[in-house]
**Q** 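Below you'll find the structure I mean.
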Amino acid sequence: GFDTRPEDELDLRALLGTLLDHKRPIIGITAACFVLALVYVLIATPVYQANAMVQVEQSPTLPGLTAVAEAVGASNPESTDALSILTAESVLKPAVDNLDLNIVVGNYQIPVLGSLIARAYTPSAPGEVAKPWLGLAGYNWGGSHLDVNRLDVPDDLLGKKMTLVAGKDGAYALWLDSSIPFVNGKLLLHGTVGQAVKGSGVTMLGGSLQANPGMRFHITRNYEMTTIHRLQKAINAKQASQGANVIELSYDSDNPQNAV
């Protein structure tokens with residue numbers, strides 16, 4: 001007889017045969033995607049999130065007006081105003097100043113695997129740092145930490161990248177990065193943790209330093225408005241629900257100390 005199957009009917013046997021004929025490339029591609037995803041999870045910088053809830057006091061309203069507003073989906077005017085106030089420059093500026101958020105500090109790390117190696121290190125005692133691999137003391141292998149309490153720079157150094165090189169017993173040197181790779185920039189000052197020092201128009205007070213001698217840290221003193229605008233973009237503020245007088249706040253950062 002005649003083949004009465006519709007022309008567009010799926011032939012499962014033919015499909016299975018095609019898959020079996022190409023099983024090796026299919027398995028290879030699947031395995032490669034799995035390995036790439038695993039590598040990304042291991043080396044990706046973790047992001048920390050801080051959450052808070054703010055209750056806004058409501059002004060007196062006419063009886064039944066609130067229920068009507070909720071029924072028609074109207075937003076709470078007090079909460080709407082509070083959303084703008086919470087991320088306003090006048091509110092964020094004191095936080096930026098009190099927490100020294102204008103000062104950005106980071107570790108020099110080996111590309112790709114450096115972050116994973118540093119996170120995997122567990123110190124056996126407080127303040128202990130990992131020994132450098134292969135004599136590469138300029139990179140963070142785990143446990144390195146720098147806290148800067150004060151960093152005042154001339155206007156021409158605002159937003160410029162600098163490098164702090166750790167010495168022995170809390171000593172350090174601060175350099176202005178060169179525009180030419182692998183070439184030392186300008187030496188700005190020498191200092192010791194816990195002492196305010198000045199040099200080249202820069203005033204610096206290091207709060208704490210845990211690092212192998214030779215370890216390097218990225219340092220930038222940003223413009224205040226740059227920091228405030230970055231915070232305004234990073235802070236997510238929204239009403240808990242339509243018409244509610246509760247505001248949910250969340251802030252994401254790759255620095256766990258900032259996301260507290």
Side-chain angles (χ1 to χ4, degrees), residues 37 39-58 73-109 111-112 114-116 118-119 140 144-164 174 176-177 179 202 204-205 207 216-260:
V39 169
Y40 173 78
V41 170
L42 292 175
I43 67 175
T45 301
V47 177
Y48 305 88
Q49 185 178 81
N51 296 285
M53 299 185 72
V54 179
Q55 184 171 4
V56 182
E57 292 186 359
Q58 289 183 303
S75 60
N76 188 317
E78 288 85 0
S79 298
T80 303
D81 293 340
L83 287 173
S84 301
I85 294 173
L86 287 172
T87 56
E89 178 184 340
S90 58
V91 174
L92 294 180
K93 185 181 183 302
V96 169
D97 295 337
N98 293 335
L99 299 176
D100 297 320
L101 298 182
N102 287 319
I103 305 173
V104 181
V105 178
N107 298 317
Y108 273 76
Q109 293 180 329
V112 183
S115 177
L116 173 62
R119 294 201 307 270
N140 175 33
S144 299
H145 174 75
L146 171 64
D147 182 30
V148 180
N149 292 342
R150 179 184 177 187
L151 181 62
D152 299 329
V153 302
D155 290 344
D156 61 334
L157 293 185
L158 287 171
K160 296 292 183 63
K161 294 182 179 179
M162 295 172 282
T163 295
L164 182 143
L174 183 65
L176 175 63
D177 287 5
S179 58
V202 177
M204 182 171 179
L205 173 60
R216 298 171 297 167
F217 295 87
H218 299 284
I219 298 183
T220 304
R221 176 60 161 82
N222 283 326
Y223 291 92
E224 187 171 66
M225 290 308 302
T226 299
T227 304
I228 291 175
H229 289 162
R230 178 177 59 82
L231 282 176
Q232 289 175 331
K233 292 181 180 179
I235 296 175
N236 181 26
K238 63 179 181 179
Q239 287 182 260
S241 60
Q242 185 70 30
N245 64 331
V246 175
I247 296 176
E248 295 179 343
L249 298 171
S250 64
Y251 172 68
D252 296 337
S253 175
D254 57 3
N255 187 337
Q257 294 181 343
N258 289 344
V260 173

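Nothing fancy with the numbering, it's 1 onward along the sequence.
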**Q** Asp177 side chain to Thr163 main-chain N or O, any donor-acceptor pair under 3.5 Å?
**A**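 Present.
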**Q** So which atom in Ile85 and which in Val91 form the shortest heavy-atom distance, rounded to 0.1 Å?
**A**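 Where Ile85 meets Val91 most closely, the heavy atoms are O-CG2, 3.1 Å.
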**Q** With rounding to the nearest 0.5 Å, note down the distance linking CD in Glu89 to CE in Met225.
**A**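 These two atoms lie 4.0 Å from each other.
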**Q** Rounded to the nearest 0.5 Å, what separates atom OG1 in Thr226 from atom CG in Leu158?
**A**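 Nearest 0.5 Å value for the OG1-CG distance: 8.5 Å.
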**Q** Determine the minimum heavy-atom distance between Asn107 and His218, stating which atoms define it.
**A**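 Scanning both residues completely, I find the closest heavy atoms to be O-CD2, 3.6 Å.
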**Q** Of all the heavy-atom pairs spanning Asn140 and Ala118, show the shortest one and how long it is.
**A**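 Looks like ND2-CB, 3.6 Å.
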**Q** Nearest 0.5 Å please: distance from the CZ atom of Arg230 over to the CG atom of Asn222.
**A**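 Between Arg230 CZ and Asn222 CG, I get 7.0 Å after rounding to 0.5 Å.
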**Q** Step by step, would you call Ile228 with Val96 a side-chain contact (heavy atoms from CB on, under 4.5 Å)?
**A** CA-CA 7 Å; Ile228 291 175; Val96 169; 4.1 Å; yes
**Q** Any idea which heavy atoms bring Pro154 and Val202 closest together, and the distance?
**A**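 Scanning both residues completely, I find the closest heavy atoms to be CD-CG2, 4.1 Å.
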**Q** Say you draw a straight line from CG of Asp152 to CE of Met204; how long is it, rounded to the nearest 0.5 Å?
**A**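 Reported to 0.5 Å precision, the distance equals 11.0 Å.
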**Q** Could you pull out the closest heavy-atom pair between Arg221 and Met162, with the gap in Å?
**A**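 What the structure gives for the nearest pair is N-CE, 4.2 Å.
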**Q** Answer yes or no: is there a side-chain heavy-atom contact under 4.5 Å between Ile219 and Leu146?
**A**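 Result yes, sub-4.5 Å side-chain heavy-atom pair found.
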**Q** So do the side chains of Ile235 and Leu92 get within less than 4.5 Å of each other, counting heavy atoms only?
**A**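 Yes. Closest side-chain heavy atoms under 4.5 Å.
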**Q** Output the distance between atom CG (Asn102) and atom OG1 (Thr220), rounded to the nearest 0.5 Å.
**A**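 Going from the CG atom of Asn102 to the OG1 atom of Thr220 covers 11.5 Å.
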**Q** Answer yes or no: is there a donor N or O on one side and an acceptor on the other, between the side chain of Arg216 and the main chain of Tyr108, under 3.5 Å?
**A**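 Pair absent, no side-chain N/O of Arg216 close to backbone of Tyr108.
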**Q** Considering residues, nucleotides and ligands other than Asp155, do more than 12 of their heavy atoms fall under 6.0 Å from its CG?
**A**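 Open.
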**Q** For the residue pair Arg150 and Ile103, establish whether any side-chain heavy-atom pair is separated by less than 4.5 Å.
**A**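 With C-beta onward as the side chain, the pair stays apart.
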**Q** What's the separation between atom OG1 in Thr87 and atom CG in Leu231, rounded to the nearest 0.5 Å?
**A**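 Taking OG1 in Thr87 and CG in Leu231, the distance rounds to 10.5 Å.
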**Q** What pair of heavy atoms forms the shortest contact from Ala237 to Leu249, and how long is it?
**A**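 The pair with the smallest heavy-atom distance is CB-CD2, 3.3 Å.
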